[in-house]
Q: 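Sending over a structure as structure tokens; questions will come in a sec.
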Amino acid sequence: MEKKDVLRRIPGVDTLLQEPELKLLSRQMGKQTVTSVIREELEKVRKKIISCENPEEGEALLSGLRQQIRIQVEKKSHSSFQRVINAAGILLHTNLGRAPLGTRQIEAAYQAMTGYCNLEYELEEGKRGKRQSHYQKLICQVTGGEAAVAVNNNAAAVTLILAALARNREVVVSRGELVEIGGHFRIPEVMEESGSILRETGCTNRTRIEDYRKAVTENTAALLKVHTSNYKIVGFTESPSVEELASAGKEYHIPVIVDLGSGVLVNLEKFGLPHEPTVREMLEKGADIVCFSGDKLLGGPQAGIITGKKKYIEKIENHPLMRAMRLDKCTTAVLEATFREYLDEENAWENIPILKLIRRQKEELKIQAEEIKKALLESGFRGEIQVQEDTSMIGGGSLPGETLSDVAVSIKPEKESTEEFAARLRMQSVPVIVQIKNNRVFLHMRTVFAEEKEILTEMLKEALLSGGCL
Ligand SMILES: *Cc1c(COP(=O)(O)O)cnc(C)c1O
């Protein structure tokens, strides 16, 4: 058979669509997707047949056509958003969605999304209610604030606070706290956007309360303290305490705002971490307004929580920007469920995944690591594999430089580079995200949930098998 005969045998789009198998496929995956894949594949086959050496090759391409269409359709229909296994050794990984949620938090979201709900409806009175009502009292109870409000994230919270309380007026900030958080959140730029005027004071390493006092003028609207959540200034350093700032604020009748970044509500020292100021402590020390993220150490949904003195919160709540930043029903429900856990600290440790991960004992992690190693060796793994002690980080702009003890499985496959192996792991049906260090792939156990052990082992086996190391 000649090349032109092979070309003549390429089926038409409509003919293919009429074949029972592809007909079924287009019913399942959508006719548009299947049609466009068929067009692309036909074009590819045509080009290949024209360029190939002999007609037999072309015939082989034609006979594999339907299989190829099926594979491509499946690839296209794969949802882009996927669950992954985080073995990278960072607990609050912004790129991996920060805090994972627990069963009770998810149940709240499910309830909110499935049918109608009382988002802005007062059941007792049968009239319009406020969406903030579901969490306001709870946040106050847990943090000690007089009032509270929540918006989409902490960046929005800072912007809203400044817009509501300091538009066209000056806000004093230490030069050591002009923070940039990942994703283009920079304090000077946020202030500009909010319409407030940055008044820097002090030096990068040392700022004293006198510096704040000197910077205050008639046009000062507030003193702002930003928690340096992703870097540390060490050595010859000084910054005033919140008490000192609060007393200066009182004197000048201006509020002290604290951007706490990660909203810690519990004591982390029990688990080998340094003392991280809690929201309650900040308020007790005299901060007028504190804001923090919902999805960092609080362990809740993405949100920005603002709490503190009622007279300021009311102004913030009534600002027109509030409408653009308000929470949806799903986040509202999860936020309520999250704060409900904190009514009892032990409940929080039990039910909030990020706290559960921090509390895991090294022995448990070690057992998990050994089991994975054993399973791989039993399946005939070829290469180097080791269980070793290591550390992981909190991440997500929390506790910079601090580590948690961890146990890792480190792997060096015999036949491929660690980069190739890591890439293969990312392409599994449940992608696995790892750390590459010392020319080895490190699987950190602290962030691999006990329930994920089996699936992680499966994914490792599949990746090793396709890389020829099993
Ligand atoms: C993380 C962080 C923010 C930004 O919070 P998002 O919830 O990510 O918007 C702002 N300020 C500080 C100090 C932070 O640590």
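Residues: numbered from 1 along the sequence shown. Only heavy atoms go into these numbers, but all of them, side chains included; no hydrogens, no water, no symmetry mates. Here the structure is a predicted model, which is why all the values come from computation and not from measurement. Read the numbers this way: they start at 1 and go in the same order the structure lists the ligands and their atoms.
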Q: For residues Phe421 and Ile411, determine if any side-chain heavy atom of one lies less than 4.5 Å from a side-chain heavy atom of the other.
A: yes
Q: Give the residue and atom name of whichever protein heavy atom lies nearest to atom 15 (O) of ligand 1, and the separation in Å to one decimal.
A: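 So the nearest neighbour among protein heavy atoms is Ser229 OG, 2.4 Å.
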Q: Quick one: does Ser293 get an N or O within less than 3.5 Å of an N or O on ligand 1?
A: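 Indeed, backbone or side chain, Ser293 has an N or O that close.
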Q: Just jot down the ring pair (Phe, Tyr, Trp, His ring centres under 6.0 Å) partners of Tyr110, sequence neighbours excluded, or say none.
A: none
Q: Look at atom 9 (O) of ligand 1 and say which protein heavy atom is nearest, naming residue and atom and giving the distance to 0.1 Å.
A: Ala155 N, 2.9 Å
Q: Any idea which part of Lys296 is under 4.0 Å from ligand 1, heavy-atom wise: side chain, backbone, both or neither?
A: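 Answer for Lys296: side chain.
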Q: Would you say Val226 and ligand 1 have an N/O pair spaced under 3.5 Å apart?
A: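 Between Val226 and ligand 1 (N or O atoms, distance only) the closest approach is not under 3.5 Å.
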Q: Whether the Thr207 and Ser174 side chains hold a donor-acceptor pair (N or O, under 3.5 Å, no angle test) is what I'd like checked.
A: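 Yes - a donor-acceptor pair under 3.5 Å links their side chains.
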Q: Out of Val151, Asn154, Asp259, whose heavy atom sits nearest atom 3 (C) of ligand 1?
A: Asn154
Q: Numbering the atoms of ligand 1 from 1, which are under 4.0 Å from a heavy atom of His227?
A: 13 (C)
Q: Just wondering, do Ile85 and Phe449 contact through their side chains at under 4.5 Å, heavy atoms?
A: no
Q: Is Ile181 touching ligand 1 with its side chain, its backbone, both, or neither, if touching means heavy atoms under 4.0 Å apart?
A: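 Near ligand 1, Ile181 shows its side chain, while the N, CA, C and O stay back.
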Q: Tell me the contacting part of Arg98 for ligand 1: side chain, backbone, both, or neither, using a 4.0 Å heavy-atom threshold, strictly below.
A: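 It is the side chain that gets close, since no backbone atom is under 4.0 Å.
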Q: If you round to the nearest 0.5 Å, how far is NZ of Lys232 from OG1 of Thr228?
A: 9.5 Å
Q: Kindly indicate whether the side chain of Leu443, heavy atoms from C-beta on, has any atom under 4.5 Å from the side chain of Val448.
A: no
Q: If you compare all heavy atoms of Ile187 against all heavy atoms of Glu177, which two are closest, and at what distance to 0.1 Å?
A: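 Reported closest heavy-atom pair: CG1-O, 4.2 Å.
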Q: Which atoms from ligand 1 have a heavy atom of Phe185 less than 4.0 Å away?
A: 10 (C), 11 (N)
